[in-house]
J.: 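Before I ask anything, here is the structure I am working with.
Throughout, protein chains are lettered first and strands after them, A, B, ... in sequence-line order, and every chain is numbered starting at 1.
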Amino acid sequence: MKYKVSIGLETHVQLKTRSKIWCGCPNRFGQPANTDICPVCLGYPGALPSLNREAVRLTVVTGLMLGSTINRRSKFDRKSYFYPDMPKNYQISQYDEPFCTGGHLNINVNGGSKRVEITRIHLEEDVGKSIHFEQSSGVDFNRAGTPLMEIVSEPELESPDEAFAYLTALKQVLLYGDISEGNLEEGNIRCDINCSLRPMDSDVLGSKIEIKNMNTFRGVHRSLVYEIKRQIGILDNGGVIQQETRRWDDDSGLTSIMRTKEHAHDYRYFPEPDLMPIVLTSEEIDAMRSAIPELPADRRNRFAVEYGLPEYDAGILTSDRDLADFYEAAAKISGNYKAVSNWIMTDMLHYLSEEGIGIDKIKITPEALAELVDLVVQNTINMPAAKKIFRILLESGGKPTAIMEDKGLAQISDSDSIDVFVEEALSSHPSSVADYRSGKKAALQFLVGQVMRLSKGKANPRAAMESLKRRLDSGDPGN
Amino acid sequence: METGTRQNTEHIDVSYVAHLARLHLADSEIQVFQKQLDHILQHVHMLTHLDVDHVEPTAHAMPVENAYREDDIRPCLSHDEVMDNAPNGRGGLFIVPKIIE
Ligand SMILES: [Zn+2]
């Protein structure tokens, strides 16, 4: 039978703040266990949370970038939680009054684009990290109290590819907005998946399977491929899908059951008495709105229209905010949009991936790239010389004109100088001259090559060819 | 986000709540607490006789909003202080009974 797949994602994003959400402990990764903690992180009796203003701002800015409704009034709630990685035995989260409601994210998948609705965005605290041993478990609370934003999508994703595209697009927005470091290795973005199948002709959603705690986008894709196949296998054999929570094992490539619905949690949410409600004025929201950057999708479309770039190039150039900024700065100075794009799309991106570095570490400036493009357009240098200069700019920086002069890479275009090389080429290769005159036009290319060789690559190839042709065709030989 | 059910009833199921709270109560204790909680709920239920149509629901007694802290780093506890109260620690970690999800 044919089935329709419905996938929803709950994405948890660690926010880029200096301090934690309720206390002044640093929000950072990779410290020795249990060193970035205080009585608030440890849930000591009497310790009180104090809300980090920046965490609220980042959550609201995310909502604005995703077109959410920003709720004028929000509050925090306690959610019962009985694991040792949360010593309070409750997690502070938001239940019925989150910061943002609704919104959407445009994703690109298989050459098409799709709008995915967002249900809500709320703010909560991350929990500590547990490490399991043979007989016991160990807990590190450094992560406890990291501001954690949860973005809930509607179950509108219909394939593993769409889920992957959603996460990719979401990460891009988060990086554009400077909301999160977006580092998957450090657990900055994690998600829970829910997935259900129903026969194509049915309107009733199937039983929901949850897959918890995914921390790579590839893992999300693989686990969904597996899970959909598993569920189809059960349904095709007349079986019934039980609502349950499963875990993904990346090594074996399998999901296994964690708990069934009978063991589903009753979280007993209730209003957090230690935190006051948050009321945002329209002035505050407007101020945050005016500070949000252009979204990746908008910028891609603008690059295509404003700079006349192919969709593909515009997509690559806007995939990273710094890269897009670099392109735009160089393009504006140069005015030669396509040439600037070509240099970045080929030589520069190749160099970056070769070196394994980001655009922020690169030595060439947008001004230098614009100047290099100008030197080529003005015929001051030829392409092989430009490539040499570009390499030097990438490795050491500097000014193209200065490098050109220093390395003697300027192109020779004046006819008197070219003619000297042309005459030498003709007199040294009488047989090629004869070939050309007897109709073998390919001999011309050979002679141009000789001029380039004699000039050590500096002759303007077009000027050389014109001079050669003039002499060969007029029968005014140098021999 | 999983939503919890919120009961709006005059009765609290003590054995269920005890189970949620990981409390192990004897049957005799359940009977005592059940009776006591029923009394408390009855008392609170008196509020339903009041006209609160024009009163905004609130979770707080104080009319305070937007109690923010600026995003500044303050000193943490030292690692030794942190571990002082822990019955069991190893390799900088708090050691607890094995966690089963
Ligand atoms: Zn702390």
Side-chain angles (χ1 to χ4, degrees), chain A residues 10 17-19 22-26 32-39 41-42 50-56 75 79-80 82-85 93 95 119-120 122 130-141 150 152 247 258-259 264-273 275-279, chain B residues 1-9 12-24 37 44 56-101:
Chain A
E10 293 170 8
T17 55
R18 282 192 293 274
S19 65
W22 315 128
C23 64
C25 293
N34 294 311
T35 52
D36 279 346
I37 54 178
C38 73
C41 303
L42 289 168
S50 174
L51 178 61
N52 185 338
R53 182 194 296 273
E54 180 66 1
V56 175
K75 71 168 171 59
K79 173 182 176 181
S80 301
F82 290 95
Y83 288 106
D85 55 14
S93 181
Y95 178 61
T119 315
R120 56 182 270 155
H122 70 254
S130 38
I131 298 112
H132 304 292
F133 305 115
E134 197 62 40
Q135 305 289 336
S136 59
S137 296
V139 189
D140 171 9
F141 288 107
E150 180 170 327
V152 183
R247 77 162 64 78
M258 274 173 84
R259 57 174 177 254
H265 284 293
D266 180 350
Y267 289 120
R268 294 276 158 151
Y269 283 96
F270 70 92
E272 168 58 65
L275 289 164
M276 293 300 168
I278 294 89
V279 176
Chain B
M1 203 215 51
E2 282 180 61
T3 50
T5 54
R6 190 167 294 174
Q7 289 173 329
N8 194 8
T9 156
I12 289 176
D13 182 342
V14 169
S15 46
Y16 175 62
V17 173
H19 168 76
L20 287 178
R22 276 61 168 171
L23 294 174
H24 303 286
L37 282 169
V44 173
E56 284 275 310
T58 179
H60 294 279
M62 303 248 287
V64 177
E65 291 156 351
N66 303 341
Y68 288 120
R69 176 178 60 81
E70 297 308 318
D71 185 20
D72 297 322
I73 291 176
R74 306 218 336 231
C76 306
L77 289 177
S78 75
H79 181 67
D80 290 341
E81 280 176 294
V82 158
M83 301 308 288
D84 259 357
N85 287 333
N88 195 358
R90 191 176 357 116
L93 301 170
F94 292 95
I95 299 299
V96 299
K98 194 168 169 68
I99 300 168
I100 304 149
E101 281 175 291

J.: Does any backbone or side-chain atom of A:C23 lie under 4.5 Å from a heavy atom of chain B? Answer side chain, backbone, both or neither.
T.: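 The answer is the backbone of A:C23.
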J.: So which part of A:L275 gets closer than 4.5 Å to some heavy atom of chain B, the side chain, the backbone, both or neither?
T.: backbone
J.: For A:P39, give me all partners under side-chain contact (heavy atoms from CB on, under 4.5 Å), at least two apart in sequence or on another chain.
T.: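 Scan of A:P39 (side-chain contact (heavy atoms from CB on, under 4.5 Å), adjacent residues dropped) gives A:Y44, A:A47, B:L77.
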J.: So which heavy atom on B:H60 is nearest to which on A:P277, and how close?
T.: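 Nearest heavy atoms, B:H60 then A:P277: CD2-CD, 3.7 Å.
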J.: Under a 4.5 Å heavy-atom cut-off, does chain B meet the side chain of A:I278, its backbone, both or neither?
T.: both
J.: Select, from B:I95, B:I73, B:V64, the one with the greatest count of heavy-atom pairs under 4.5 Å involving chain A.
T.: B:I73
J.: Check whether any side-chain N or O of A:D140 sits under 3.5 Å from a backbone N or O of A:N34 as a donor-acceptor pair, and report yes or no.
T.: yes
J.: Does B:R74 reach the side chain of A:C38, with side-chain heavy atoms less than 4.5 Å apart?
T.: no
J.: Where on A:P32 is there a heavy atom nearer than 4.5 Å to chain B: the side chain, the backbone, both, or neither?
T.: neither
J.: With chain B as the partner, which of A:S136, A:G138, A:C25 has the greatest number of non-hydrogen pairs under 4.5 Å?
T.: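 The residue among A:S136, A:G138, A:C25 with the greatest pair count is A:S136.
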J.: Can you tell which part of A:S50 gets under 4.5 Å to a heavy atom of chain B, answering side chain, backbone, both or neither?
T.: both
J.: Pick one of side chain, backbone, both or neither for B:N85, based on which atoms fall under 4.5 Å of a heavy atom in chain A.
T.: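 For B:N85, side-chain heavy atoms alone lie under 4.5 Å from chain A.
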J.: Would you say the side-chain atoms of B:D71 pair up with the backbone N or O of A:R18, donor to acceptor, closer than 3.5 Å?
T.: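 Pair found, side chain donor or acceptor close to backbone of A:R18.
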J.: Considering only residues two or more places apart or on different chains, which pairs with a residue in residues 72-99 of chain B satisfy ring-ring contact (aromatic ring centres under 6.0 Å, His included)?
T.: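 Qualifying pairs: A:F141-B:F94.
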